[in-house]
Number of protein chains: 2
Amino acid sequence: MPTTCLRLTPQRNIILEELRGTRSHPTADEVYDMVRRRLPHISLGTIYRNLDYLHAQGLIRKLDKIGSQMRFDASMDPHLHICCMECGKVGDLPEDAASVSVRQEAMLDAEKTFQITGHWLEFHGVCSDCRTKGKIG
Amino acid sequence: MPTTCLRLTPQRNIILEELRGTRSHPTADEVYDMVRRRLPHISLGTIYRNLDYLHAQGLIRKLDKIGSQMRFDASMDPHLHICCMECGKVGDLPEDAASVSVRQEAMLDAEKTFQITGHWLEFHGVCSDCRTKGKIG
DNA sequence: TTAAGAACAGGAACTATTCCTATTTTCTGT
DNA sequence: ACAGAAAATAGGAATAGTTCCTGTTCTTAA
Ligand SMILES: [Mn+2]
Ligand SMILES: [Mn+2]
Ligand SMILES: [Zn+2]
Ligand SMILES: [Zn+2]
C-alpha cells in the first residue's frame, strides 16, 4: 500500500510555525508578511498552496465564512469563533460556550430534499478596542 | 421631521418582483439574468446597488456567508438555510428546526473582550439531485 | 546516478464586487 | 407648470482576493 506521507518542506514548516505562534487568525497575506521575515523570497502563491495543503492534511483550520477574506488557525481543538463587526478581529470561544440543538421532527420535511451533514455557527460582536474607540470618538 | 421615504424606481420594483417570484436564493448575476428579460438595458451595477438598497431598507435578505458569492432572498420571515456541499444549491429550514443555546458562564470570559451581539447559523448537506447523481455516476 | 515526480518563485489570469462619470429621471418648492 | 437640486441609471473601468500557468529547482526512489 502506498503511504500518502506528509511532506514538510522548509516553506511548509515555517508557515506552520508562524501560524502556531499567533492567536490572531491571520489572512493569507498576513501569513505572507509573517513568513517573509524568515523566507524573503517566498511567493504568495506558495503561501496559498501550502495553507491549502496543510488544511487538507488536517493540520490547520481554514475559516472561509468569516469576513471577506479567508483566515487560518493552527489550533485544531474544537472551539467557536467570534468576529468583531467593526474591525473584523477574530477571537476564540470555548467549545462548550454554545450548543446547537436540532429538532428532528422539524427537520424531517427538509431531510426529504437535503441530507444534513453538518453546520456552521459563528458569533458576532464588538471587541474591546472598538468599544473604547466608540466611546471616545 | 424629514421622512426618509422609500423610493421604488421601476428597476427596484422589478428586481423585488423577480426576487419574490423565486425560492432559489439567486446570486446577483442570476437576478441580473432574471431582470434583463423585462429590462434589457439594466446594468449589473444597478442590480448590485439596488439589492444593497433593498437590503438596507429591510425588504430583502443578503446571504453573504453561503458559498463564494452573495445570495439574495425576498422571504423575510425568520428561517434558517441549508447549502448543498456538492452543487451550492440553497434551501430553507423552518425557524424552529434548530436552536442555539448559549451557556452564560462559558461566555463570561469571552465577554470581557468581545461583546456578543448576534450569531450566524447555517446547515450543510447534500441535496436530492446530488444524491441521485452520486448513486448513478 | 538518474529519471520521475513534487514543490517552488514569479507573475499572469480570473472574477465577484465596487467605483467612476456623464446622462437621465425624480423630487421639491414656488 | 417650472426651475433647480438631488438621486438614480447605464456602461464601463478599477479593485482585490484567489487561482492558475510556466520554467526551474528540489526531493524521492529505483
Ligand atoms: Mn480559533
Ligand atoms: Mn431563504
Ligand atoms: Zn473591533
Ligand atoms: Zn446539490
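The sequence lines fix the lettering, A, B, ..., with proteins before strands; numbering per chain opens at 1. It should be emphasised that the depicted structure is a prediction, and the values quoted were computed from it without experimental measurement.
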### Query
Is there side-chain contact between R12(A) and Y53(A), with at least one heavy-atom pair below 4.5 Å?
yes
I'd like a list of close polar pairs between nucleotides 3-8 of chain D and the protein, N/O only, cut-off under 3.5 Å.
{"from": "dA7(D)", "atom 1": "O4'", "to": "R7(B)", "atom 2": "NH1", "distance (Å)": "3.2"}
{"from": "dA7(D)", "atom 1": "O3'", "to": "R7(B)", "atom 2": "NH1", "distance (Å)": "2.8"}
{"from": "dA8(D)", "atom 1": "OP1", "to": "R12(B)", "atom 2": "NH1", "distance (Å)": "3.2"}
{"from": "dA8(D)", "atom 1": "OP1", "to": "R12(B)", "atom 2": "NH2", "distance (Å)": "3.1"}

### Task
With a 4.0 angstrom cut-off to heavy atoms of chain B, pull out the first and last contacting nucleotide of DNA chain C, in 5'-to-3' order.
dA16(C) to dC27(C)
#### Entry: With sequence neighbours excluded, residues passing salt bridge (Lys or Arg N to Asp or Glu O under 4.0 Å) with R36(B)
D33(B)
### Query
CG/D73(B) to CZ/R20(B) distance, rounded to the nearest 0.5 angstrom?
11.5 Å
### Task
Can you sort out the partners of D52(B) under side chain to side chain donor-acceptor pair (under 3.5 Å), two or more places apart, ordered by chain and number?
K62(B)
### Task
Sequence neighbours left out, what passes salt bridge (Lys or Arg N to Asp or Glu O under 4.0 Å) with D129(A)? Give chain and number order.
K89(A)
### Task
Evaluate the ring planes of H25(B) and H81(B), with Trp represented by its six-membered ring, and classify them as parallel (under 30°), tilted (30 to 60°) or perpendicular (over 60°).
perpendicular
### Summary
Sorted by chain and residue number, the side chain to side chain donor-acceptor pair (under 3.5 Å) partners of Q69(B) (sequence neighbours excluded) come out as none
#### Entry: Degree of bending, the helix from dT1(C)-dA30(D) to dT30(C)-dA1(D) (end axes from five pairs; round to 10°)
30°
Could you go over nucleotides 17-20 of chain D and give all protein N or O partners under 3.5 Å, atom names and distances?
{"from": "dT18(D)", "atom 1": "OP1", "to": "M70(A)", "atom 2": "N", "distance (Å)": "2.8"}
{"from": "dT18(D)", "atom 1": "OP2", "to": "Y48(A)", "atom 2": "OH", "distance (Å)": "2.5"}
{"from": "dT18(D)", "atom 1": "O5'", "to": "Y48(A)", "atom 2": "OH", "distance (Å)": "3.3"}

#### Entry: T27(B) to F72(B) - nearest heavy-atom pair and separation
C-CD1, 4.4 Å
### Task
Give a yes or no on whether M34(B) and I47(B) share a hydrophobic cluster (residues Ile, Leu, Val, Met, Phe, Trp, Tyr; joining criterion: side-chain heavy atoms under 4.5 Å apart).
no
### Task
Specify the closest pair of heavy atoms between F123(A) and A98(A), including all atoms of both residues, with the distance to one decimal.
CZ-CB, 3.5 Å
### Query
Is R103(A) reaching over with its side chain to a backbone N or O of D96(B), donor-acceptor style, under 3.5 angstrom?
yes
### Message
Just to verify, what does T9(A) make a side chain to side chain donor-acceptor pair (under 3.5 Å) with, not counting sequence neighbours?
### Response
none
### Message
Can you confirm whether the side chains of T113(B) and S128(A) place a donor and an acceptor under 3.5 Å from each other?
### Response
no
## Note on the structure
So, with a heavy-atom separation below 4.0 Å from DNA chain D, the residues of residues 32-43 of chain A are none
#### Entry: H124(A): side chain to side chain donor-acceptor pair (under 3.5 Å) partners, not counting sequence neighbours
E122(A)
### Query
For E86(B), what residues pass the salt bridge (Lys or Arg N to Asp or Glu O under 4.0 Å) criterion, not counting sequence neighbours?
none
